[in-house]
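Working notes for the structure below.
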Amino acid sequence: KFIIALSDGMGAGQMAAAQSKAAISLLEQLIEAGFDKDTAVRIINSVLVLQADDDSFATIDLSSVDLFSGKAEFIKIGAAPAFIIRHKGVEPVKAVSLPAGILNEIDMEPLTKKIESGDIIVMITDGIIDSFEASAAETSGEKELVKFLEGLESINPQEIADKILKKAYENWGGEPADDMMVLAAKVWSVA
C-alpha cells in the first residue's frame with residue numbers, strides 16, 4: 001500500500017504549520033509502528049482533543065492506494081476535496097466532516113475509488129480552494145479548480161502541483177489569505 005497524507009492546522013502561519021507537522025509526524029509514526037490508518041487517525045484526534053485548550057484543530061486528508069488491486073481509500077477529516085485526474089476527466093473526492101480535535105469521536109467513512117494506471121491524485125488544503133473561489137465569477141472554487149485541472153496538459157505530478165500553487169497564488173493577487181499546500185502523486189503500472 002502507498003499512503004499519502006496532508007494536514008492543515010487551523011489558522012495560518014507558524015502555529016498552523018506546527019499543528020500540521022505534528023499531525024503528519026504522529027500519523028507517520030503510528031503507521032510505521034503497525035497501526036492501521038483508521039486507528040492512527042482516531043489516536044491523532046484523541047491527542048488533539050486533549051490539547052483543546054490550545055485550539056489544536058487540524059484537518060487530516062489521507063489516501064491509501066493498494067498497489068496490487070488499484071483500490072484507493074480516502075479518509076477526509078475536515079479536509080478540502082481531493083481530485084483524481086483521469087484520462088477521461090477530473091473526479092472530485094469529498095466528504096463533509098469537522099477537523100480532528102473538535103469532537104471526542106470522529107465519524108470516518110472511507111471513500112473508495114478505483115485507481116488506474118496513469119491516474120494522478122491531487123490533494124490540497126482549503127487555501128487553494130478558497131483562492132479559486134475568490135477568482136470565480138459565478139461558480140464554486142471546486143468547479144473552477146476542476147476546470148483548471150482539465151485544462152492542464154502536463155502528466156508530471158510535480159509540474160501539476162507547481163501549476164496549481166502558482167495559479168492559487170495569482171488568484172490571491174500575490175497575497176494569500178490562508179496557507180496553501182498541494183500534494184500530487186501519479187500511479188502507473190509497470191506491467
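Considering every non-hydrogen atom in both Ile124 and Pro81, the closest pair reads CG1-O, 3.5 Å. When every heavy atom of Met180 is checked against every heavy atom of Thr125, the shortest pair comes out as CA-OG1, 3.4 Å. For Trp188 against Ser117, the heavy-atom pair with the smallest separation is CA-OG, 3.4 Å. Closest non-hydrogen pair, Ile128 versus Met181, comes out as CG1-O, 3.8 Å. In this structure, Lys163 and Leu152 approach most closely via the heavy-atom pair CD-CD2, 3.8 Å. When all heavy atoms of Ala82 and Met123 are compared, the closest pair comes out as CB-CG, 4.1 Å.
Sparse packing is recorded around OH of Tyr169, with 12 or fewer heavy atoms of other residues, nucleotides or ligands lying under 6.0 Å away. For Lys88, the NZ atom sits in a loose shell: 12 or fewer heavy atoms of surrounding residues, nucleotides or ligands are nearer than 6.0 Å. More than 12 non-hydrogen atoms from other residues, nucleotides or ligands lie less than 6.0 angstrom from CD1 of Ile3. More than 12 heavy-atom neighbours from other residues, nucleotides or ligands sit within 6.0 angstrom of CD on Glu150.
Atoms CG and NZ, on Asn156 and Lys186 in that order, are 8.0 Å from each other to the nearest 0.5 Å. Atom CD of Gln29 sits about 11.5 Å away from atom CD1 of Ile43, to the nearest 0.5 Å.
Tracing side-chain contacts under 4.5 Å through hydrophobic residues (I, L, V, M, F, W, Y), one reaches Phe132 starting from Val90; they form part of the same cluster. A single hydrophobic cluster is seen to contain both Val93 and Val65, as judged by linkage of ILVMFWY side chains at heavy-atom distances under 4.5 Å, directly or through other members. In the hydrophobic clustering of this structure, Leu111 groups with Ile115; members are Ile, Leu, Val, Met, Phe, Trp, Tyr whose side-chain heavy atoms approach within less than 4.5 Å, directly or through other members. No chain of hydrophobic side-chain contacts below 4.5 Å, direct or via other Ile, Leu, Val, Met, Phe, Trp or Tyr residues, connects Leu183 to Ile24. By the rule that hydrophobic residues join a cluster once side-chain heavy atoms approach within less than 4.5 Å of another member, Ile84 and Val187 end up as members of one cluster.
Contact of the Leu62 side chain with the Ile77 side chain is not registered, since no non-hydrogen atoms from C-beta on lie closer than 4.5 Å. Residues Ile121 and Phe74 have side chains in contact (heavy-atom distance under 4.5 Å, counting atoms from C-beta outward).
Checking Ile75, Val41, Leu6 one by one against Ile60, the side chain to side chain contact (heavy atoms under 4.5 Å, CB included) holds for a single residue, Val41. Checking each of Asp8, Asp126, Asp61 against Lys76 for a salt bridge (Lys or Arg N to Asp or Glu O under 4.0 Å) leaves exactly one that passes, namely Asp61.
Checked by atom type and distance alone, the side chain of Ser64 never pairs as donor or acceptor with a backbone atom of Glu73 at under 3.5 Å. Between the side chain of Ser7 and the backbone N or O of Thr59, at least one donor-acceptor pair lies under 3.5 Å. Judged purely by atom type and a 3.5 angstrom limit, Lys37 has no side-chain atom pairing as donor or acceptor with the backbone of Leu27.
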Evaluation steps, salt bridge (charged side-chain N to carboxylate O under 4.0 Å, His left out), between Glu144 and Lys147: CA-CA 5 Å; Glu144 286 296 311; Lys147 208 181 326 181; 3.3 Å; yes
Please walk me through it: do Glu91 and Arg86 pass salt bridge (charged side-chain N to carboxylate O under 4.0 Å, His left out)? CA-CA 8 Å; Glu91 179 182 356; Arg86 302 181 185 273; 3.0 Å; yes
